[in-house]
Asks: 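What follows is a single structure, and I will ask about it in a moment.
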4 protein chains.
Amino acid sequence: MTDPDVRTSIMRAAYEALCEHGYTELTAQDIADRTDKSKSLLFYHYDSKEDLLADFLEFLFERFDDRVAETRDLPPVERLATFVDWFLYGPGENDRQSFHVAMLELRTQGPYNDRFREKLRKSDDQLREILEEILRDGLEAGEFRDHDPETTAAVLIAAFDGARIRQLTIGRDAYLEEVREGTATWVFDDLLAEDASFPADRDPRTLPENDHQHRLAADLGADTREADDETAERDRE
Amino acid sequence: MTDPDVRTSIMRAAYEALCEHGYTELTAQDIADRTDKSKSLLFYHYDSKEDLLADFLEFLFERFDDRVAETRDLPPVERLATFVDWFLYGPGENDRQSFHVAMLELRTQGPYNDRFREKLRKSDDQLREILEEILRDGLEAGEFRDHDPETTAAVLIAAFDGARIRQLTIGRDAYLEEVREGTATWVFDDLLAEDASFPADRDPRTLPENDHQHRLAADLGADTREADDETAERDRE
Amino acid sequence: MTDPDVRTSIMRAAYEALCEHGYTELTAQDIADRTDKSKSLLFYHYDSKEDLLADFLEFLFERFDDRVAETRDLPPVERLATFVDWFLYGPGENDRQSFHVAMLELRTQGPYNDRFREKLRKSDDQLREILEEILRDGLEAGEFRDHDPETTAAVLIAAFDGARIRQLTIGRDAYLEEVREGTATWVFDDLLAEDASFPADRDPRTLPENDHQHRLAADLGADTREADDETAERDRE
Amino acid sequence: MTDPDVRTSIMRAAYEALCEHGYTELTAQDIADRTDKSKSLLFYHYDSKEDLLADFLEFLFERFDDRVAETRDLPPVERLATFVDWFLYGPGENDRQSFHVAMLELRTQGPYNDRFREKLRKSDDQLREILEEILRDGLEAGEFRDHDPETTAAVLIAAFDGARIRQLTIGRDAYLEEVREGTATWVFDDLLAEDASFPADRDPRTLPENDHQHRLAADLGADTREADDETAERDRE
DNA sequence: GATGAATGAGATTTCATTCAT
DNA sequence: AATGAATGAAATCTCATTCAT
């Protein structure tokens, strides 16, 4: 896998195939179909389908790193609000949801698959680290009251993930807003120092729905525009 | 499916097969192997494997009802503690975990499968209802401070489910205790009226690990003993 | 594999497929094509193609037993002559040759395949035992001069097998007659007591070519007639 | 294929690959892996894998010629003893055996492959010629009694080859010694004139095992040293 | 000469489901 | 009610060979 373009195009195909078929029903052919290459080529670049998907997790992980870096200069409260939005984006973003459903299926293979689990773990470690960093920065900046960043991070991540999962799997969208509001009530109200507040346009209790500023494409990183063009071209053939 | 015994024996076989193989790798043969009947018979009783598994969800739902009923007479705080334990049982219960992993896989099929989703939804409705009932009972009894039961229920369920899922899929057990303690800090401390408290032996912050009083078998309901005998008999053949 | 007819029909199909395609090029489909059943059925009865072929070796072994039994009542010299004929049948028997070529390919997998090797070994043990028995019987009957049956058996089997192999693989038919005559000269002349002799019509040095009395079908046992009819019927469809 | 070095390095790679994988499982990649060049290059030099292997047979044939020439000056009895040793080397020479197993697999393709068969035939012709030459020289020199060199050569080659094949394929090493002793008893005892005898240290009946003076490398000819160095270099990269 | 990338044509196996009995 | 036998439709992976560079 010398050429990064090849990898990227396979990863994009895997992404699209996962969105359309889900993980359980995903076949190597589905991925190849979203490429301008043959199925055999997948096995030229990867030893197995599992191998390809493990690299897909790695790929997502790399992209996530970049997106995190972009928020590094925001003030803690702002970063925290962005963090909440990442998770609790609106239920109307269908493409994004279908991808997250597939990712959820893939995540459930962690217990059976060491390589998947390792990648998922790395991703989890990173996620907690960032949230803890935000919380600690807020403490230092005097914007947050005293609390234990580790448990708070764990609770927030678990609650957001749980809300998303329940919303996706049973289709009850209310979970998103209920958890947004519930965490605002139970956690953020207490967490924010008296003179701090969630940005007016980001208050979890007043913002009825995410403003879609983080579009689907965000999941795969920044170079969305060109990629979509490429896809379009392929479809025209 | 006239004979309830037949249904029960198939359900039990499905349960065992799910524990051993997971949902994704589950085959009709795996279920039949844990029965004293043939694979063909499964298709006599059910139109398809999906049909059988939809009934399995229904079956679990029925059993869950019974277990809920058993707690109906406990005082609200005690019931709440029991509720927490249901979710955050210790990471050492391997049999239980393997079943929950399989259930998690199955849950991820909700978005693709209307019948699964309907059952999951019913189950979710029931779960929230119970928790809300507990919270409302506590409010009425003056044991809980004023709060919104709906959002609180949603947050707790989401947080507990999210913790379990992350623990299971990435194998990071710390989530269980962190969320147990985090919810104790952020929610329960505020929730409990000044003169009320979690039962001494149930305080989420002091109880290092669940006491295993809810054993694996609980997942399938009360009639565990006979079932095991049945299994033993089959193995002897 | 309860029904012996099914096994027999699969074995016959394997036999025919081996004759036509050889072992190296043999596919499961080739075998299925010579059956009135589907390819899947082969995997219903056998865990793998290798498994099927191991059973094929076993099957041949069973049939060989029967053929050996038939010669048990012949006098030693006559049996020995029959033995020679088994090996050194004429080069013109094409069907038989193509089967033996395939068997030879299969035999070369012995070093890589424990199950094949075990069956081949069993078959070798049986073959040597029979020849040694013939030689010992001849000694007791005073028809053979004193010699060591074990080494003689080994030399004869090796020489006959080697002749066959070289004839088959390089297509030099002369090996058959040369080894027939060579063993007659070096071994049998010395072996036979003065007053004994190879049956007039069986003297290895005068019989220019095997009389085809042991036809191809012999390889698969006695029930050739019906089997061929069955094959014919299938071809007509 | 202008450069003989390139050919030699491919031939050596083919040899090593055959030893490790056998013929049936041999892939072009396996050969390329033992080269410092790419798989594509094999197809630049040869039209097909079959073509390469046909040349490999040719290559072996050329080397064999050289080794035969080396024995040309020995007295007939000595040459005959050397001949026996070539075939009946001890069972402990594992590297040599793995190569001979692969060659045996390759030989079984003769009936399906004209080019292979032609090379094998040439090799067989040469082998018989040499043995017949030895036998005739011995007759002329008065060291051997009167006999027919053609049939004797055929019997010996067949017996030795058969012994080797049975030893390799079923793993019964006894064949080697039994045939060594059997031929000594039935053929050589009669063959040698009264006043001639097998070299004391070469008598097939007293020499329990080949003295390994003909090492593995012999199979590929004399230039072993450099070849090993080359291999070592490759491994270091 | 030399190679990385690419592919078509299989091959083996799997499995839900059906059907005759 | 019960089952052994049977199958079609896939899915993963392999590999000799080709080709653009």
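Within every chain, numbering begins at 1; the chains are lettered A, B, ... in the order of the sequence lines, protein sequences first and strands thereafter.
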Asks: Nearest nucleotide by nearest heavy atom, which residue falls closer to the 5' end of DNA chain F, A:E50 or D:F43?
Replies: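 By nearest-heavy-atom nucleotide position, the 5'-most residue is A:E50.
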Asks: Atom CZ of A:R7 to atom C1' of E:dG4: distance rounded to whole Å?
Replies: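 Nearest whole value for this atom pair: 19 Å.
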Asks: Can you tell me whether the side chain of B:K39 and the base of E:dT17 have a donor-acceptor pair closer than 3.5 Å?
Replies: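 Side chain to base: pair found, below 3.5 Å.
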Asks: Can you check the C:Q29 CD to F:dG8 C1' distance for me, whole Å?
Replies: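 Between C1' of F:dG8 and CD of C:Q29: 12 Å.
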Asks: Scan every strand shown for a Watson-Crick or G-U wobble partner of F:dA6, both distances under 3.5 Å, and answer none if you come up empty.
Replies: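 F:dA6 is paired, partner E:dT17.
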Asks: What's the CG-C1' distance between B:L26 and E:dT14, to the nearest Å?
Replies: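 From B:L26 CG to E:dT14 C1': 14 Å.
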Asks: In terms of side-chain heavy atoms of B:S40, which of E:dC19, E:dT17, E:dG4 is nearest?
Replies: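 Out of E:dC19, E:dT17, E:dG4, the nucleotide with an atom closest to B:S40's side chain is E:dC19.
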Asks: At what distance, to the nearest 0.5 angstrom, does CD1 of C:I10 lie from CZ of C:F59?
Replies: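 Going from the CD1 atom of C:I10 to the CZ atom of C:F59 covers 11.0 Å.
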Asks: Got a salt bridge between C:E50 and C:K119, using NZ or NE/NH1/NH2 to carboxylate O under 4.0 Å?
Replies: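 Result for this pair is no, no salt bridge flagged.
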Asks: So, taking the atom named CG in B:L42 and the one named NZ in B:K37, what distance separates them when rounded to the nearest 0.5 Å?
Replies: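 So the CG of B:L42 and the NZ of B:K37 are separated by 10.5 Å.
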Asks: Starting at atom CG of D:L42, determine the distance to atom C1' of F:dC15, rounded to an integer number of angstrom.
Replies: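 Interatomic distance, CG of D:L42 to C1' of F:dC15: 13 Å.
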Asks: E:dA11 C1' sits how many Å from C:H21 NE2, rounded?
Replies: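 These atoms are roughly 14 Å apart.
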Asks: Could you let me know what F:dC13 is paired to, Watson-Crick or G-U wobble, both distances under 3.5 Å, or none if it's on its own?
Replies: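 Base-paired to E:dG10.
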Asks: Tell me: NZ of C:K37 to C1' of F:dG8, nearest whole Å?
Replies: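 Whole-Å distance recorded here is 16 Å.
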Asks: Using a distance-only test with no angle check, is there a side-chain donor-acceptor pair under 3.5 angstrom linking D:D30 and D:T27?
Replies: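 Yes, side-chain donor-acceptor contact under 3.5 Å.
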Asks: Whole Å only: how far is the CD atom of D:E25 from the P atom of E:dA11?
Replies: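 Checked: the CD to P distance equals 15 Å.
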Asks: Is B:S38 near enough to F:dT3 that one of its side-chain N or O atoms lies under 4.0 angstrom from OP1 or OP2?
Replies: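 Yes.
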Asks: Let me know the distance between CG of D:D5 and P of E:dA2, rounded to the nearest Å.
Replies: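 Checked: the CG to P distance equals 12 Å.
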Asks: Which sits closer to the 5' end of DNA chain E, B:S48 or C:S48, going by the nucleotide each is nearest to?
Replies: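 So the residue in question is C:S48.
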Asks: With a non-hydrogen cut-off below 4.0 angstrom, is D:I31 in contact with a base, only sugar-phosphate, or nothing?
Replies: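 The answer is nothing, as D:I31 stays clear of every strand by at least 4.0 Å.
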Asks: Would you say F:dA5 has OP1 or OP2 under 4.0 Å from some side-chain N or O of C:Y44?
Replies: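 So the side-chain polar atoms of C:Y44 do come within 4.0 Å of the phosphate oxygens OP1 or OP2 of F:dA5, strictly under.
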Asks: Is any side-chain N or O of D:K49 under 3.5 Å from a base N or O of F:dT17, one able to act as donor and the other as acceptor?
Replies: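 By the distance-only test, no, there is no pair.
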Asks: Would you say the side chain of A:T108 lies within less than 4.5 Å of the side chain of B:V101, judging by non-hydrogen atoms?
Replies: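 Contact flag for B:V101/A:T108 side chains = no.
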Asks: Taking for each residue the nucleotide of DNA chain E with the nearest heavy atom, is it C:T27 or D:L41 whose nucleotide lies nearer the 5' end?
Replies: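 The answer here is D:L41.
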Asks: Distance check, rounded to the nearest 0.5 Å: C:Q109 atom CD versus C:Y23 atom OH?
Replies: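 Going from CD on C:Q109 over to OH on C:Y23, the span is 4.5 Å.
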Asks: With a 4.0 Å limit, can you tell me whether C:H45 has a side-chain N or O closer than that to the phosphate oxygens OP1/OP2 of F:dA6?
Replies: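 So the side chain of C:H45 is within the cut-off, an N or O lying under 4.0 Å from OP1 or OP2 of F:dA6.
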Asks: Sort out the partner of F:dA1 for me: Watson-Crick or G-U wobble, both distances under 3.5 Å, none otherwise.
Replies: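 Its partner is none (no Watson-Crick or G-U wobble pair with both distances under 3.5 Å).
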Asks: Just checking A:L52: base, sugar-phosphate only, or nothing, at a heavy-atom cut-off of under 4.0 Å?
Replies: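 Nothing: the residue A:L52, judged by heavy atoms under 4.0 Å, touches no strand.
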